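None of the values given here were measured: they were computed from a predicted structure. Chain naming here is simple, since letters A, B, ... match the order of the sequence lines and numbering starts at 1 in each. The figures that follow rest on heavy atoms only: side chains count, while hydrogens, waters and symmetry mates do not.
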Amino acid sequence: MTQALAADEEDDWQRETLADALLAWYDRHHRHLPWRLPPQATRQGHRPDPYRVWLSEIMLQQTTVGAVKPYYERFLERWPTVEALARADLQEVMKAWAGLGYYSRARNLKKCAEEVAHRHGGVFPDTEAGLKALPGIGDYTAAAVAAIAFGRRAAVVDGNVERVVTRLRAIETPLPAAKPQVRKAVAALVPAERPGDFAQAMMDLGATICTPRRPSCILCPLQAFCAARGAAAQERFPVKASKAAKPSRRGAAFVAVRADGAVLLRRRPESGLLGGMSEVPTSGWSAGSDGEDGPSAAPFPAPWEPCGTVTHTFTHFTLALSVYRARVADMPAPAGSWWCAPGLLAGEALPTVMKKVVEAAIPGATKARRPTGT
DNA sequence: GATGCGTGGAA
DNA sequence: TTTCCAAGCAT
């Protein structure tokens with residue numbers, strides 16, 4: 001070697017070295033997750049089932065690993081293939097998803113399974129573009145499935161990777177405006193070998209070492225490559241645009257209980273907040289304190305008794321619901337609603353805020369009567 | 001590009 | 001307690 005490396009050769013050198021360091025770390029310190037193939041298997045050229053990768057990636061969107069695990073296991077046991085999920089009843093899928101949040105994911109999950117089963121012969125597309133054309137699959141998930149399940153050299157960028165890379169390159173542009181810059185930086189790092197493990201390694205690094213606060217730089221395999229660490233400024237990245245304060249709303253919720261213990265439920269509209277999920281009748285959720293939280297907002301007259309207030313925080317507002325309960329005589333359920341037998345409440349498609357409401361009125365009502373009702 | 005969309009764990 | 005934010009997507 002007579003001269004300094006040309007710029008592109010130096011890029012190649014750093015890409016190989018950085019990726020090698022990261023993959024070597026991943027081989028020793030990877031997390032063991034139910035949807036994952038261990039690195040010794042992928043090193044031998046094995047690949048995980050695309051259905052399982054896709055299912056896990058959809059569940060993991062904005063959701064923690066710990067929350068996903070039990071849902072993933074239940075879904076996989078009940079619907080082991082994309083064809084099985086395509087045949088499933090949507091309401092059963094919504095019930096199985098209840099509590100995991102972002103319910104449009106469950107509707108798109110079902111739609112996507114149907115498209116794969118009916119238009120793609122039960123086989124997932126093996127390119128980013130093909131995957132991204134499916135419902136519920138965006139930039140991140142398309143890249144993740146392409147890399148992990150199909151060995152494509154895709155740039156996988158999630159919140160972890162954004163944090164790792166903005167630190168690695170000391171990117172001063174605030175997120176989300178910096179996303180294109182981050183994507184280019186990642187694309188320049190992805191190795192030709194084991195791109196799926198590389199993606200998972202970046203995410204594991206962000207989750208366990210390159211954490212939002214107090215990152216463990218001393219344990220980091222990329223420490224020598226990291227511009228932020230070099231400047232002792234790792235906690236200054238990523239720079240983020242400030243976010244607005246959450247407004248609050250209030251309303252009333254009405255738990256009507258029949259003599260046999262059945263509770264009146266209704267279905268929310270298919271789209272929007274908690275779309276397609278079940279709820280007890282409620283007033284509107286108004287922004288101010290204009291009296292929509294009293295018993296006068298009830299769907300029908302009954303001896304409504306107050307039983308406390310439930311508070312719940314959504315992504316973009318907080319909600320305080322005054323809960324009322326009434327014993328009511330047998331009556332036909334109003335249009336669009338039904339009487340839910342007490343034994344079926346635990347399996348209903350009740351979002352967490354509605355479970356809180358029912359629990360406030362009837363303690364224990366949403367808990368399964370027996371361990372796993374079979 | 002900004003906004004709507006859940007929930008729960010950690011600091 | 002409050003704040004942050006976690007393997008984002010659709011519009």
Side-chain angles (χ1 to χ4, degrees), chain A residues 30-31 33-36 52-72 94 97-109 111-112 131-149 154-164 174-180 183 186 196 198-208 210-215 235 238 240-249 268-277 279 311-319 349-356:
Chain A
H30 64 92
R31 290 181 290 177
L33 303 173
W35 45 85
R36 210 178 242 186
R52 298 182 185 207
V53 175
W54 163 74
L55 177 61
S56 68
E57 291 300 344
I58 300 298
M59 288 185 165
L60 286 162
Q61 288 166 5
Q62 293 289 286
T63 308
T64 56
V65 164
V68 165
K69 274 181 182 172
Y71 285 87
Y72 173 81
M94 300 307 287
W97 196 277
L100 201 52
Y102 285 134
Y103 298 100
S104 67
R105 288 186 298 172
R107 294 191 297 276
N108 283 332
L109 185 83
K111 270 194 225 164
C112 182
L131 288 160
K132 202 181 161 183
L134 292 165
I137 298 185
D139 288 336
Y140 163 76
T141 305
V145 174
I148 297 169
V156 177
V157 182
D158 74 329
N160 289 304
V161 177
E162 285 179 350
R163 188 169 55 253
V164 170
L175 287 169
K179 276 174 178 290
R183 189 165 292 111
V186 173
F198 178 83
Q200 295 178 94
M202 289 284 277
M203 293 189 280
D204 276 18
L205 190 73
T208 64
C210 196
T211 50
R213 282 168 287 193
R214 308 278 313 259
E235 291 194 73
K240 296 200 173 183
S242 60
K243 42 186 98 169
K246 274 182 195 181
S248 46
R249 300 184 195 173
R268 293 181 60 84
E270 282 307 308
S271 63
L273 184 70
L274 307 175
M277 300 296 284
E279 67 173 3
T311 62
H312 191 76
T313 303
F314 293 95
T315 309
H316 52 297
F317 67 94
T318 64
L319 176 66
L350 290 172
T352 296
V353 61
M354 285 301 149
K355 285 191 179 174
K356 289 185 190 174

Can you run down the salt bridge (charged side-chain N to carboxylate O under 4.0 Å, His left out) pairs that involve residues 52-63 of chain A, sequence neighbours left out, and say none if there aren't any?
A:D49-A:R52

Result for 5'-nearest mapping on DNA chain B, choosing between A:T64 and A:P176, is A:P176

Spacing between A:L131 atom CG and C:dG8 atom C1', to the nearest angstrom:
15 Å

Within the structure shown, what part of the strands sits under 4.0 Å from A:W35 by heavy-atom distance: base, sugar-phosphate, or nothing?
base

Chain A reaches DNA chain B, atoms under 4.0 Å from its heavy atoms, from B:dG4 to B:dA11

Taken to the nearest whole Å, CG/A:N160 to P/C:dG8 is 7 Å

For A:G275, answer base if it contacts any base atom (sugar-phosphate contacts may also be present), sugar-phosphate if it contacts only those atoms, and nothing otherwise; contact means non-hydrogen atoms under 4.0 Å.
nothing

I'd like the P distance from B:dG8 over to C:dC9, given in whole Å.
22 Å

What pairs with A:K132 under salt bridge (Lys or Arg N to Asp or Glu O under 4.0 Å), at least two apart in sequence or on another chain?
A:D139

Collect all protein-nucleotide pairs involving nucleotides 1-5 of chain C in which both atoms are nitrogen or oxygen and the distance is under 3.5 Å.
none

Rounded to the nearest angstrom, tell me the gap between atom CD in A:Q62 and atom P in C:dG8.
5 Å

If the condition is ring pair (Phe, Tyr, Trp, His ring centres under 6.0 Å), which residues does A:Y72 pass it with, not counting sequence neighbours?
A:W35

Side chain to side chain donor-acceptor pair (under 3.5 Å) partners of A:S56, counting only residues at least two apart
none

Separation of A:R31 atom CZ from C:dA7 atom P, in whole Å?
7 Å

What residues, two or more places apart in sequence or in another chain, satisfy salt bridge (Lys or Arg N to Asp or Glu O under 4.0 Å) together with A:R105?
none

Let's go through A:Q61 and A:T141 carefully: what are the C-alpha distance in whole Å and the side-chain angles of both, what is the deciding distance for side-chain contact (heavy atoms from CB on, under 4.5 Å) to 0.1 Å, and is it a yes or a no?
CA-CA 8 Å; A:Q61 288 166 5; A:T141 305; 3.0 Å; yes

What nucleic acid atoms does A:V353 come within less than 4.0 Å of, heavy atoms only: base, sugar-phosphate, or nothing?
sugar-phosphate

In chain order, what residues pass the salt bridge (Lys or Arg N to Asp or Glu O under 4.0 Å) check against A:E279, with sequence neighbours excluded?
A:R266, A:R268

For the pair A:R183 (side chain) and A:A155 (backbone), establish whether a donor and an acceptor sit closer than 3.5 Å, ignoring hydrogens and angles.
no

CG of A:L33 versus P of C:dA7: gap in Å, rounded?
11 Å

A:A98: partners by side-chain contact (heavy atoms from CB on, under 4.5 Å), with sequence neighbours left out
A:M277

Checking A:T315 now: which residues fulfil side-chain contact (heavy atoms from CB on, under 4.5 Å) with it, not counting sequence neighbours?
A:Y102

Using the 3.5 Å cut-off, write out each protein N or O paired with an N or O of nucleotides 9-11 of chain C and the distance between them.
from, atom 1, to, atom 2, distance (Å)
C:dC9, OP1, A:G138, N, 2.9
C:dC9, OP1, A:T141, N, 3.0
C:dC9, OP1, A:T141, OG1, 2.6
C:dC9, OP2, A:D139, N, 3.4
C:dC9, OP2, A:Y140, N, 3.2
C:dA10, OP1, A:G136, N, 2.5

Please compare A:K356 and A:F317 by the position of their nearest nucleotide in DNA chain B and report the one closer to 5'.
A:F317

Integer angstrom distance from the P of C:dA7 to that of B:dG4
24 Å

Atom CG of A:L100 and atom P of C:dG8 are separated, to the nearest Å, by 13 Å

Set of residues satisfying ring pair (Phe, Tyr, Trp, His ring centres under 6.0 Å) with respect to A:H30, sequence neighbours excluded
A:Y26, A:H32

Does any non-hydrogen side-chain atom of A:V186 lie less than 4.5 Å from one of A:V156?
no

